[in-house]
Amino acid sequence: MDLKPQVIKKDGKEEYVVLPYDEFLKIEQILEDYEDLIDLRKAKAETINEPSIPFNEVEKIIKKKKD
(Lines give C-alpha, C1' and ligand atoms only; values in the text may rest on other atoms or scores of the structure.)
Protein backbone atom coordinates (compact mmCIF):
# COMPACT_ATOMS: atom_id res chain seq x y z
CA MET A 1 0.00 0.00 0.00
CA ASP A 2 1.37 3.37 -0.98
CA LEU A 3 0.67 5.79 1.89
CA LYS A 4 0.71 9.53 1.60
CA PRO A 5 1.01 10.66 5.23
CA GLN A 6 1.38 14.24 6.34
CA VAL A 7 3.50 14.57 9.48
CA ILE A 8 2.68 17.42 11.86
CA LYS A 9 5.39 18.57 14.22
CA LYS A 10 5.04 20.22 17.61
CA ASP A 11 8.06 21.94 19.11
CA GLY A 12 10.18 20.47 16.31
CA LYS A 13 9.18 16.91 17.23
CA GLU A 14 6.95 14.67 15.07
CA GLU A 15 3.64 14.60 16.94
CA TYR A 16 0.80 13.59 14.56
CA VAL A 17 0.20 11.92 11.22
CA VAL A 18 -2.67 12.79 8.91
CA LEU A 19 -3.73 10.35 6.21
CA PRO A 20 -6.17 10.66 3.33
CA TYR A 21 -9.48 9.16 4.46
CA ASP A 22 -9.44 6.29 1.94
CA GLU A 23 -6.00 5.24 3.18
CA PHE A 24 -7.26 5.34 6.76
CA LEU A 25 -10.18 3.07 5.79
CA LYS A 26 -7.83 0.59 4.11
CA ILE A 27 -5.59 0.45 7.18
CA GLU A 28 -8.62 0.07 9.44
CA GLN A 29 -9.86 -2.90 7.35
CA ILE A 30 -6.42 -4.53 7.39
CA LEU A 31 -6.28 -4.21 11.18
CA GLU A 32 -9.78 -5.68 11.58
CA ASP A 33 -8.85 -8.60 9.32
CA TYR A 34 -5.67 -9.16 11.32
CA GLU A 35 -7.61 -9.15 14.61
CA ASP A 36 -10.05 -11.68 13.13
CA LEU A 37 -7.12 -13.88 12.11
CA ILE A 38 -5.69 -13.74 15.62
CA ASP A 39 -9.09 -14.69 17.09
CA LEU A 40 -9.44 -17.55 14.61
CA ARG A 41 -5.99 -18.92 15.42
CA LYS A 42 -6.70 -18.66 19.15
CA ALA A 43 -10.03 -20.49 18.81
CA LYS A 44 -8.39 -23.17 16.67
CA ALA A 45 -5.59 -23.66 19.22
CA GLU A 46 -8.12 -23.98 22.05
CA THR A 47 -9.94 -26.81 20.26
CA ILE A 48 -6.96 -28.67 18.83
CA ASN A 49 -7.36 -31.68 21.13
CA GLU A 50 -11.14 -31.94 20.85
CA PRO A 51 -12.62 -34.85 18.90
CA SER A 52 -13.63 -34.22 15.32
CA ILE A 53 -15.58 -35.94 12.56
CA PRO A 54 -14.14 -36.32 9.07
CA PHE A 55 -16.00 -34.34 6.42
CA ASN A 56 -17.10 -37.43 4.49
CA GLU A 57 -18.76 -38.75 7.68
CA VAL A 58 -20.58 -35.45 8.14
CA GLU A 59 -21.83 -35.73 4.56
CA LYS A 60 -23.21 -39.21 5.27
CA ILE A 61 -24.99 -37.97 8.40
CA ILE A 62 -26.56 -35.07 6.50
CA LYS A 63 -27.70 -37.35 3.67
CA LYS A 64 -29.33 -39.76 6.17
CA LYS A 65 -31.22 -36.88 7.81
CA LYS A 66 -32.51 -35.68 4.42
CA ASP A 67 -33.91 -39.14 3.59
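Predicted model only: the values in this text are computed from it and were never measured. Keep in mind that the numbers below use all heavy atoms, side chains included, and drop hydrogens, waters and symmetry copies.
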Between M1 and Y21, is there a shared hydrophobic cluster once you connect ILVMFWY residues whose side-chain heavy atoms come closer than 4.5 Å? no
Euclidean distance, I62 CD1 relative to F55 CZ, rounded to 0.5 Å: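 Reported value, rounded in 0.5 Å steps: 7.0 Å.
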What's the spacing between Y16 OH and Q6 CD if we round to 0.5 Å?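 Those atoms lie 13.5 Å apart.
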Pairs meeting criterion salt bridge (charged side-chain N to carboxylate O under 4.0 Å, His left out) with involvement of residues 22-38, two or more places apart: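 The answer is K4-E23.
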Is there side-chain contact between [X] and [Y], with heavy atoms separated by less than 4.5 Å?
{"X": "I8", "Y": "V17", "value": "no"}
{"X": "L37", "Y": "R41", "value": "yes"}
{"X": "I27", "Y": "L3", "value": "yes"}

Return yes when atom CG of L31 has more than 12 non-hydrogen atoms of other residues, nucleotides or ligands closer than 6.0 Å, and no otherwise. yes
Please identify each residue that fulfils side-chain contact (heavy atoms from CB on, under 4.5 Å) with N56, with sequence neighbours left out. P54, E59
